[in-house]
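I have placed the structure first, in the form of structure tokens, so that the comments after it can refer back to it.
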Amino acid sequence: MSFTSIPILDLSLAKNPATKPAFLADLRHALMEVGFLYLKNVGIAQEVFDQVIREGKGFFDIPEEEKLKIEMKNAPSFLGYSRLSAEITAGAIDHREQIDLSTEHPLPEGGAPLHYNLLAPNQWPSSEVLPSFRQTFTDYMKKMGEISIYFTSLIAEAIELPADAFNKYFDKDQQHKLKIVKYPDVGILGKEGKEGNQGVGPHKDSMLSSYLLQASRHRGLQVQNMRGEWIDCPPIPGTLVVAIGQGLEALTQGVCVSTTHRVLSPAAGQGARFSIPFFQGVRGDTTFDDLEKVGVGQVPEHVKEQRRKVLEANGGQKLDDVEFTFRKGCVASTLGEATLRNRVKSHPDVGERWYPEILRSIREEQARAAAASPPVNAAVVSPEGKAVEAH
């Protein structure tokens with residue numbers, strides 16, 4: 001039977017030898033049957049979460065001119081501020097305002113591959129308007145990076161791989177990313193809100209795992225089960241919401257499931273929804289040949305059989321609304337190149353300024369696909385659905 005709720009796991013149980021086996025069993029269930037889970041007791045004090053939320057919400061209260069000083073299109077890194085309704089998912093506009101940050105890197109050297117532009121310093125808001133913002137999020141991203149690497153080792157153990165199976169895909173100074181997102185309610189959106197309540201369209205996360213801090217009381221995040229039903233993932237204080245990415249599904253030969261999810265904008269009068277997702281990074285120079293031919297080794301056959309039984313119990317095949325974007329045979333040969341193309345697709349204004357040739361190539365692909373594809377039912381996401389980073 002397909003899931004009807006999201007499981008809650010206690011990370012502190014993984015650190016006790018007496019309770020770790022039961023934790024890993026519960027984690028395996030979540031990985032195989034849901035692709036989403038709540039994680040509590042992650043090792044971050046509640047007052048730290050509270051400060052992160054305060055600083056994150058406070059960003060949207062600073063003057064518009066201060067936000068525009070750090071607008072995303074000012075730099076080729078896709079880091080910085082995005083105005084309301086500036087991003088596209090599943091071929092439709094996402095009604096959200098956000099700032100993208102990452103664990104910082106120096107600017108790439110001349111002659112480096114184009115996707116190295118994604119490794120860069122952040123565009124920070126001025127300390128004159130937000131004096132504690134930079135330090136708060138620098139510290140939070142560092143801690144979340146450590147948690148995400150540790151949790152990935154537990155994922156490996158849960159499916160009977162060596163704990164260090166995924167380490168080859170992490171740089172020593174691995175870049176991780178974070179967004180601070182505001183979803184206005186549809187009343188504030190006005191005419192745009194009447195045209196649809198897509199905060200983020202149906203999509204899957206692209207890499208290994210992501211960790212969402214739901215920063216307001218609102219519902220809105222929904223996860224699609226194997227029957228095609230949308231299951232609410234409401235805020236639970238003291239938890240992070242973990243989503244499994246498509247890269248992890250591919251590396252585990254389909255054992256760990258990446259699940260389609262979306263965000264609905266709050267109803268009129270409910271006020272804005274805020275969220276702070278953290279996205280675990282993967283080494284950008286990773287090739288698709290390595291991902292597909294080498295990977296992390298073979299998941300044991302009895303573990304694969306357990307996943308096959310889950311599929312059989314739910315109709316024999318996986319429901320897949322959203323096409324897997326990072327696949328062999330695409331234009332890109334490395335994960336970094338594919339990520340860059342996806343960022344250009346999501347933020348065409350940045351693409352026009354910094355990557356016009358890539359944007360032109362993407363638009364030509366879209367035109368060919370549109371010409372070749374028959375009309376689709378409006379309830380089904382078109383092939384423009386893609387792996388993105390949002391919650």
Side-chain angles (χ1 to χ4, degrees), residues 38-40 42 44-72 79-87 94-103 122-144 147 176-190 192-193 197-200 210-221 232-241 243 263-279 389-391:
Y38 292 98
L39 200 60
K40 66 180 183 178
V42 298
I44 295 178
Q46 187 59 48
E47 52 264 32
V48 174
F49 282 135
D50 292 342
Q51 182 178 7
V52 167
I53 291 171
R54 280 195 306 273
E55 294 289 336
K57 288 181 175 179
F59 171 78
F60 299 102
D61 295 329
I62 67 175
E64 183 74 6
E65 58 267 26
E66 291 293 335
K67 297 177 191 175
L68 295 181
K69 287 178 182 177
I70 58 169
E71 194 167 14
M72 183 181 284
L79 299 173
Y81 171 67
S82 295
R83 307 185 197 201
L84 180 66
S85 304
E87 188 164 356
D94 295 333
H95 298 308
R96 69 180 191 265
E97 180 183 6
Q98 66 189 35
I99 180 171
D100 286 60
L101 304 171
S102 80
T103 48
N122 286 305
Q123 295 195 78
W124 294 105
S126 169
S127 60
E128 293 182 3
V129 293
L130 288 173
S132 301
F133 184 93
R134 181 170 185 166
Q135 193 62 54
T136 295
F137 282 98
T138 297
D139 293 346
Y140 181 69
M141 286 189 287
K142 181 177 185 297
K143 182 62 175 176
M144 285 304 306
I147 290 170
H176 305 288
K177 293 188 65 181
L178 177 142
K179 291 177 182 279
I180 308 167
V181 190
K182 177 183 180 181
Y183 300 92
D185 73 36
V186 295
I188 297 296
L189 291 171
E192 286 184 326
N197 65 339
Q198 173 170 303
V200 186
S210 61
Y211 303 78
L212 170 65
L213 176 59
Q214 300 200 76
S216 57
R217 69 187 188 285
H218 304 80
R219 292 173 179 261
L221 176 61
D232 281 336
C233 190
I236 297 178
T239 68
L240 296 169
V241 177
V263 176
L264 303 181
S265 296
Q270 288 188 353
R273 174 182 181 265
F274 296 88
S275 71
I276 305 174
F278 173 92
F279 302 93
E389 297 175 336
H391 289 301

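When a residue number appears, it is its place in the shown sequence, counting from 1. Everything numeric in this text was worked out from a predicted model, so none of it was measured.
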Step by step, work out the side-chain contact (heavy atoms from CB on, under 4.5 Å) result for Ile44 and Ile147. CA-CA 9 Å; Ile44 295 178; Ile147 290 170; 3.7 Å; yes
Full working for side-chain contact (heavy atoms from CB on, under 4.5 Å) between Trp124 and Leu101: CA-CA 8 Å; Trp124 294 105; Leu101 304 171; 3.9 Å; yes
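In terms of the side-chain contact (heavy atoms from CB on, under 4.5 Å) criterion, residue partners of Pro235 (sequence neighbours excluded) are, by chain and number, Gln214.
Applying the side chain to side chain donor-acceptor pair (under 3.5 Å) definition to pairs two or more places apart or across chains, those involving residues 46-62 are Gln46-Asp50, Gln51-Thr136. Identified under the salt bridge (Lys or Arg N to Asp or Glu O under 4.0 Å) test for residues 126-144, with sequence neighbours left out: Glu104-Arg134, Lys142-Glu146.
Remark: of the listed residues Leu212, Leu213, Leu39, Ile236, Leu212 is the sole one forming a side chain to side chain contact (heavy atoms under 4.5 Å, CB included) with Val241.
Formation of a donor-acceptor pair under 3.5 Å by the Gln98 side chain with backbone atoms of Ser82 is not found in this model. Using modelled atom types, no side-chain atom of Ser265 and backbone atom of Tyr183 make a donor-acceptor pair closer than 3.5 Å. In this structure a side-chain-to-backbone donor-acceptor pair under 3.5 Å is missing from Asp100 to Leu79.
Considering only heavy atoms from C-beta on, Val181 stays 4.5 Å or farther from Val263 through its side chain. In this structure, the side chains of Phe278 and Leu240 stay at 4.5 Å or more apart for every pair of heavy atoms. Residues Phe279 and Lys179 meet the side-chain proximity criterion, which asks for heavy atoms closer than 4.5 Å. Counting heavy atoms from C-beta outward, Val186 and Gln270 have side chains that stay 4.5 Å or more apart. Between Ser126 and Glu66, some side-chain heavy-atom pair lies under the 4.5 Å cut-off.
Ring planes of Phe137 and Phe133: tilted class, angle from 30 to 60°. Note on ring orientation: taking the six-membered ring where Trp is involved, the planes of Tyr140 and Phe49 are perpendicular (angle over 60°, cut-offs 30° and 60°).
Between Lys177 atom NZ and Ser210 atom OG the span is 12.5 Å, to the nearest 0.5 Å. Distance check, rounded to the nearest 0.5 Å: CZ of Arg83 to CD of Glu97 gives 10.5 Å. A distance of 6.5 Å separates CZ of Phe59 from OH of Tyr81, quoted to the nearest 0.5 Å. Here Leu130 contributes atom CG and Ile62 contributes atom CD1; the two are 5.0 Å apart, rounded to the nearest 0.5 Å. Once rounded to the nearest 0.5 Å, the distance linking CE of Met144 with NE2 of His176 reads 9.5 Å. Here Glu71 contributes atom CD and Lys67 contributes atom NZ; the two are 11.5 Å apart, rounded to the nearest 0.5 Å.
Nearest heavy atoms, Ile70 versus Pro125: CD1-N, 3.7 Å. Heavy atoms only, all atoms of each residue included: Pro266 and Ala272 are closest at CG-C, 4.3 Å. The minimum heavy-atom distance between Gly271 and Asp185, with the atom names listed, is N-OD2, 2.9 Å.
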